[in-house]
Protein chains: 2
Amino acid sequence: MRGRLTQAGLRATRQRLVILESLLVLPGHPTAEQVHRRVAAQSPTISLGTVYKALDSFVAAGLTRRVASAEGSSRRYDADCSEHHHLFCTATQEIIDYCDPQLDQLIREFFAERGLQNFQPHSFSLHITGVKNQG
Amino acid sequence: MRGRLTQAGLRATRQRLVILESLLVLPGHPTAEQVHRRVAAQSPTISLGTVYKALDSFVAAGLTRRVASAEGSSRRYDADCSEHHHLFCTATQEIIDYCDPQLDQLIREFFAERGLQNFQPHSFSLHITGVKNQG
DNA sequence: GTCGCTGCAAAACATTTGCAAGAGG
DNA sequence: CCTCTTGCAAATGTTTTGCAGCGAC
């Protein structure tokens, strides 16, 4: 935990440790507000502004990503920076990570063969919209 | 133009006609603010609030979609509601439509064969991040 | 010690809402 | 005409900023 921060070149402050831990634990890719709610439960003095600044610093350091989403008015964050895809549940608004090396390869092969006119692709992320079953 | 609106069950007001036309013409999937700037150039009395309401009504009527994007603080809109994919240019922040029936089929086949645990997929959209070449 | 980080409060944006007046069918 | 839409302005929500003081290294 502490190591993740220092390795990324960030000071391991008490606040950042709590914020990073909350981001990792919260399901569905939370907003700054949601992270703050969980953080405030154990450390009520950590301000919302600090959560915003900490999340920004995580993104700048490559520890965290911003998640693309069409609905909702707030930005959402993803602690996982490896290449992966997302399931968007239209019922719960949850965003679920989906990892699939075979799918990655399929897409990479497709574009290696076909290419894109006037565009140099760098990374691919599939957005799958639908509804979650069960719990 | 007028037909698109009435067919979608919306009143074809002067404002909506101008707003829809601007949305269709503007490149890169504009924000409400960008649509308003273009609209105001020819009809300075159309307010930003009206642009927001008109865009919302287009989305509700299925004429327009909101676009998922990770960067930027404003919502962006896409006049094209058919299934398609997006190229995200990290240099210009543009979002370019990418249509490819072969890719659609590849993805659909992949998931038909493999399936997803606890998730009922409805639609797929590939986000390709990279940089645009040339103009 | 130094410099980056935090907390607070204010500012800057972005979006929504309420309502009287106007326009579409 | 009746109802939906507009324009305005105010309210609400989200994110950023400035800065004095604190804390990590």
Side-chain angles (χ1 to χ4, degrees), chain A residues 1-23 29-37 39-40 42-61 63-77 93, chain B residues 1-23 29-37 39-40 42-61 63-77 93:
Chain A
M1 197 87 260
R2 171 168 250 105
R4 283 218 210 190
L5 289 171
T6 54
Q7 239 161 38
L10 299 172
R11 284 198 183 170
T13 64
R14 186 180 58 82
Q15 290 86 340
R16 283 183 177 161
L17 287 167
V18 180
I19 291 167
L20 182 54
E21 201 254 339
S22 290
L23 184 58
H29 303 69
T31 63
E33 184 71 41
Q34 290 171 327
V35 172
H36 181 242
R37 262 202 292 282
V39 157
Q42 46 182 139
S43 307
T45 62
I46 298 181
S47 72
L48 179 58
T50 297
V51 172
Y52 272 105
K53 286 175 193 166
L55 291 173
D56 280 356
S57 72
F58 296 171
V59 171
L63 260 184
T64 298
R65 276 192 187 173
R66 284 205 240 267
V67 174
S69 67
E71 301 308 318
S73 36
S74 298
R75 273 190 196 146
R76 303 175 66 163
Y77 295 86
Q93 300 275 67
Chain B
M1 197 87 263
R2 171 168 250 105
R4 283 218 210 190
L5 289 171
T6 53
Q7 238 161 41
L10 297 172
R11 282 198 186 169
T13 64
R14 185 179 60 82
Q15 289 86 339
R16 283 183 177 159
L17 287 166
V18 179
I19 292 167
L20 182 55
E21 201 255 340
S22 289
L23 183 59
H29 302 67
T31 63
E33 185 71 42
Q34 290 171 326
V35 171
H36 182 242
R37 262 203 292 282
V39 157
Q42 45 181 142
S43 307
T45 62
I46 297 181
S47 71
L48 179 58
T50 296
V51 173
Y52 273 105
K53 286 175 192 166
L55 291 173
D56 281 354
S57 72
F58 296 171
V59 171
L63 258 184
T64 298
R65 277 192 187 174
R66 284 203 241 267
V67 174
S69 68
E71 301 307 318
S73 36
S74 297
R75 276 191 192 142
R76 302 176 65 163
Y77 294 86
Q93 299 275 69

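All chains are named by letter (A, B, ...) in the order of the sequence lines, taking the proteins before the strands, and each is independently numbered beginning at 1.
- Distance Leu17(A) CG to dT6(C) C1': 14 Å, rounded to the nearest Å.
- In this model, the phosphate group of dT16(C) is approached by a side-chain N or O of Arg75(B) to a distance below 4.0 Å at OP1 or OP2.
- What separates CD of Glu33(A) from P of dT12(D) is a distance of 16 Å, to the nearest Å.
- Taking atom CZ on Phe58(A) and atom C1' on dT6(C), their separation rounds to 13 Å, with Å as the unit.
- Listed in residue order, the members of residues 43-51 of chain A having a heavy atom less than 4.0 Å from DNA chain C are Thr45(A), Ile46(A), Ser47(A), Thr50(A).
- Using a 4.5 Å cut-off on side-chain heavy atoms (C-beta onward), Leu10(A) and Leu63(A) make contact.
- At whole-Å resolution of the value, CZ in Arg76(B) and C1' in dA14(C) are 15 Å apart.
- Residue Ser73(B) has no polar side-chain atom (N or O) positioned under 4.0 Å from OP1 or OP2 of dC13(C).
- In terms of phosphate contacts, Tyr52(A) brings a side-chain nitrogen or oxygen within less than 4.0 Å of OP1 or OP2 of dT15(D).
- Separating the CG atom of Leu55(B) from the C1' atom of dT6(D) is a distance of 14 Å, rounded to the nearest angstrom.
- Gln7(A) places its CD atom 14 Å from the P atom of dC25(D), with the value rounded to the nearest Å.
- Taking only side-chain nitrogens and oxygens, Gln15(A) comes nearer than 4.0 Å to OP1 or OP2 of dG7(C).
- Residue His36(B) contributes atom NE2, which lies 9 Å from atom P of dG7(D) at whole-angstrom precision.
- For Ala54(B), the side-chain contact (heavy atoms from CB on, under 4.5 Å) partners are Arg16(B), Ile19(B), Phe58(B), not counting sequence neighbours.
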* Structure fact -> Each nucleotide of nucleotides 18-25 of chain C classed B (base within 4.0 Å of a protein heavy atom), S (only sugar-phosphate) or -, in 5' to 3' order, makes B----BBS
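- Contact between Val51(B) and Ala32(B) at its shortest, heavy atoms only, is CG1-O, 3.6 Å.
- Atoms OG and CG, from Ser57(A) and Leu5(A) in turn, are 8.0 Å apart once rounded to the nearest 0.5 Å.
- Note that CZ of Arg75(B) and CD of Glu33(B) are 14.5 Å apart. Values are rounded to the nearest 0.5 Å.
- Residue Leu20(B) holds its CG atom at 3.5 Å from CE of Met1(B), rounded to the nearest 0.5 Å.
- Taking atom CZ of residue Arg66(A) and atom C1' of nucleotide dT16(D), one finds them 12 Å apart after rounding to whole Å.
- When every heavy atom of Ala12(B) is checked against every heavy atom of Thr6(B), the shortest pair comes out as CB-CG2, 4.3 Å.
- Here the side chains of Gln42(B) and Glu21(B) are in contact, with some heavy-atom distance below 4.5 Å.
- For the side-chain contact (heavy atoms from CB on, under 4.5 Å) test with Tyr77(A), the passing option among His29(A), Arg65(A), Arg66(A), Gln34(A) is Arg66(A); the others fail.
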